[in-house]
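Input: a single structure, listed below in structure tokens.
For this chain, numbers begin at 1 and follow the sequence in order.
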Amino acid sequence: MQTENIKQEACRILDKLSDKATWDDLMHQIYVRQTIEAGIKDSEEGRTIDVKEVRKRFGLTK
């Protein structure tokens, strides 16, 4: 996410929280957002593993 958009996105996250939200609730929402963005970036840059390969590595069938 571009720096100028972080402040806007932080405001959106805050607006979506309930009035009874805790600091932990806020930190969780920020963590989830960061994790999703990191996953999207990894996918766009080809840093992913096919599900068939993951299943093979972990000995899962199907």
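In this structure, CD in Q29 is found 12.0 Å from CG in D24, a value given to the nearest 0.5 Å. Interatomic distance, K56 NZ to I49 CD1, rounded to the nearest 0.5 Å: 12.0 Å. Rounding to the nearest 0.5 Å places CZ of R12 at 6.0 Å from CD of Q8.
A distance-only check finds a donor-acceptor pair linking the side chain of D25 to the backbone of T22 [under 3.5 Å]. In this structure a side-chain-to-backbone donor-acceptor pair under 3.5 Å is present from T35 to Y31.
For R57, the side-chain hydrogen bond (donor to acceptor under 3.5 Å, both in side chains) partners at least two apart in sequence or on another chain are E53.
Through side-chain heavy atoms spaced under 4.5 Å, either directly or across other Ile, Leu, Val, Met, Phe, Trp or Tyr residues, W23 is tied to I13, L14, L17, L26, I30.
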I would like to know whether E37 and K41 meet salt bridge (Lys or Arg N to Asp or Glu O under 4.0 Å); could you show each step before the answer? CA-CA 6 Å; E37 287 183 11; K41 183 177 180 184; over 6 Å; no
